[in-house]
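What follows is a short report on a single structure.
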2 protein chains.
Amino acid sequence: MYQNLLDHIAKFISLDESETQLLLATLEFKIVKKKENLLHAGQICHHQYFIAKGCCRNFIINDKGNEQTTQFGIENWWLSDFLSFHNGSVSDFYIQAVENSEIIAIEKNNMEILLAQVPKLERYFRLVLQKAFGASQMRIRYLYTQSAEERYHFFNDSFPEFTQRIPQYMLASYLDFSPEFLSKIRAGKV
Amino acid sequence: MYQNLLDHIAKFISLDESETQLLLATLEFKIVKKKENLLHAGQICHHQYFIAKGCCRNFIINDKGNEQTTQFGIENWWLSDFLSFHNGSVSDFYIQAVENSEIIAIEKNNMEILLAQVPKLERYFRLVLQKAFGASQMRIRYLYTQSAEERYHFFNDSFPEFTQRIPQYMLASYLDFSPEFLSKIRAGKV
DNA sequence: CGAAAATTTGACATGACTCAACTGGAGTGG
DNA sequence: CCACTCCAGTTGAGTCATGTCAAATTTTCG
């Protein structure tokens, strides 16, 4: 149940038996169905979510009432609204299952207690965030320098299997253009 | 010289005298002149840079040969190419002083040694990254939902003093539109 | 003071959006 | 298991936000 996470942690630090037990006692396992929300806009985000299996996304509802996907997560990624989590502010984000998924959640207060007991885990989370923030810098870089069509082809070439897993309208909003436009790119009509 | 950073760290964790000494022995102090680079595209980013005084930015050179600012940092912010730093890949970014600045740099290998000696600092860096990543999520969110004009007014209202400190062409590229367009927004001609 | 850099302005061009209509496929209930 | 619905995807026409380019003007700084 928690093995994927333990494996992921083991890539960065090693925990002994008692540390692992403390960790496991803190985690919550959750099965979520496709379209089910882990976080709803208007709530405070109290958790970080590790995707053990499946696929989830962050999105907001924009002024026109459309869903705007800002982030995808698949196996071995952490998703959260880190600003809301960090300072307890109300979130504008939804976190939603794109597929039926298995989630490992950690609650903020429990996480703090755990980190006090097992300080090594600070390192794990630091390294995970360092990598995620680096990826976010690249993401912004590509949003800035590529045209809509280039972004599609780049994404498609980089994650060919993933493109198959998600509906086009989610991908279009993630790549920051309209679903109609994605349809035209695919048809070669642009 | 290092006081700003010590104050910043003290907001998150407390260090005793010997820990502080180990930290100070690891840091490098740097004065950089306006336009001087801390990192040059094509290099590997071996440092994280804390801005003690002044203002710096990350930028890349795009296909058309124009500078594209992807991030600003002022007092009490850390700048780096975190992906290059994390996995030793070659960076596409420049990190450059926008004003004459005072920088505290920490080198990756030395940082690892320090973190082994003073594990508490893992927590400091984790919290800094958590906040930075949260800010990055908001940034992406606004890039997605606001028009060019809205982005300008929002930025201006959020950081009125800061707008005065930086040239318009840098702000335009940061907000992802052309300098001419920024000029027209300011003139009310749009 | 002079040269180089930054900003402004206007004319024109275009990438991507909107809207509306149509098509196709997946899920559901009778 | 068929028929119906509904949601996702497609297509085309028209529009608009923002870009490009070039020239004029202002500011900065050595």
Side-chain angles (χ1 to χ4, degrees), chain A residues 33-36 55 57 59-69 72 94 96-100 142-156 162-190, chain B residues 32-37 54-55 57 59-69 72 94 96-101 142-156 162-190:
Chain A
K33 287 232 185 68
K34 187 172 169 170
K35 295 271 174 189
E36 198 175 324
C55 175
R57 61 174 181 144
F59 72 91
I60 58 163
I61 308 255
N62 68 18
D63 299 345
K64 286 171 200 145
N66 299 324
E67 296 177 359
Q68 192 87 35
T69 300
F72 286 110
Y94 297 78
Q96 186 186 69
V98 174
E99 306 169 348
N100 297 336
Y142 286 119
L143 276 174
Y144 273 37
T145 55
Q146 296 181 325
S147 70
E149 196 179 356
E150 286 169 339
R151 290 200 296 282
Y152 173 71
H153 290 304
F154 185 77
F155 186 90
N156 225 5
F162 186 61
T163 307
Q164 306 312 119
R165 281 170 74 171
I166 53 176
Q168 284 184 199
Y169 74 93
M170 284 187 196
L171 180 57
S173 81
Y174 177 76
L175 295 176
D176 200 16
F177 48 71
S178 66
E180 292 93 336
F181 195 69
L182 174 49
S183 188
K184 284 164 194 177
I185 293 173
R186 285 170 53 107
K189 297 195 176 166
V190 53
Chain B
V32 281
K33 288 231 183 69
K34 185 170 169 171
K35 295 273 174 185
E36 198 176 323
N37 289 327
C55 175
R57 62 173 181 144
F59 72 90
I60 58 162
I61 307 255
N62 67 19
D63 298 343
K64 287 170 197 144
N66 299 322
E67 296 176 359
Q68 192 87 35
T69 300
F72 287 110
Y94 296 78
Q96 186 187 66
V98 174
E99 306 169 348
N100 297 336
S101 303
Y142 286 120
L143 276 173
Y144 273 38
T145 54
Q146 297 181 325
S147 69
E149 195 178 357
E150 286 168 341
R151 290 199 298 280
Y152 173 71
H153 290 305
F154 184 78
F155 187 91
N156 226 6
F162 185 62
T163 308
Q164 306 312 118
R165 281 170 73 171
I166 53 174
Q168 283 184 201
Y169 75 93
M170 284 186 197
L171 179 56
S173 81
Y174 177 75
L175 294 176
D176 201 15
F177 48 70
S178 66
E180 292 92 336
F181 195 69
L182 174 48
S183 186
K184 283 164 193 174
I185 294 173
R186 284 169 52 105
K189 296 191 179 170
V190 52

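Chain letters run A, B, ... following the sequence lines, proteins first, then strands; residues in each count from 1. Keep in mind it's a predicted model, so treat the numbers as computed, not measured.
The nearest whole Å value for the distance from the CG atom in Asp176(A) to the P atom in dA17(D) is 16 Å. Distance, Asn62(A) CG to dT18(C) P: 9 Å, rounded to whole Å. The interatomic distance linking Phe181(A) (CZ) with dC16(D) (P) rounds to 18 Å, in whole Å. The distance between atom OH of Tyr144(B) and atom C1' of dA16(C), rounded to the nearest whole Å, is 15 Å. Here the C1' atom of nucleotide dG25(C) and the CD atom of Gln168(A) are 13 Å apart, to the nearest Å. For the pair Tyr152(A) OH and dG9(D) P, the computed distance is 11 Å after rounding to whole Å. When rounded to the nearest whole Å, the span between CG of Leu175(A) and P of dG15(C) equals 18 Å. Computed from coordinates, the Asn66(A) CG to dA8(D) C1' distance equals 14 Å when rounded to whole Å.
Proximity of Ile166(B) to Cys55(B): side-chain heavy atoms (C-beta onward) are separated by under 4.5 Å at one or more points. The closest side-chain heavy-atom distance from Arg151(B) to Phe177(B) is below 4.5 Å. Put simply, the side chain of Phe162(A) reaches to within 4.5 Å of the side chain of Phe155(A), judged on heavy atoms. Using a 4.5 Å heavy-atom cutoff, the side chains of Tyr144(B) and Leu143(A) are in contact.
Nearest to the side chain of Arg186(B), among dT7(C), dT8(C), dT18(D), sits dT8(C). Nearest to the side chain of Lys35(A), among dT7(C), dT11(D), dA8(D), sits dA8(D). The nucleotide whose nearest atom lies closest to any side-chain atom of Glu180(B) is, among dT7(C), dT8(C), dA16(C), dT8(C). Here dA6(C) is the nucleotide among dT11(D), dT9(C), dA6(C) with the atom lying nearest to any side-chain atom of Tyr169(B). Distance from the side chain of Phe177(A) is smallest for dC17(C) among the nucleotides dT7(C), dT18(D), dC17(C).
Applying the 3.5 Å distance criterion, the base of dG19(D) shares no donor-acceptor pair with the side chain of Lys184(B).
Between Met170(A) and Ser178(B), the residue whose closest nucleotide on DNA chain D is further toward the 5' end is Met170(A). Toward the 5' end of DNA chain D, the nearer of the two residues Ser147(B) and Lys34(B), judged by each one's closest nucleotide, is Ser147(B).
A donor-acceptor contact shorter than 3.5 Å links the side chain of Asn100(B) to the backbone of Lys34(B).
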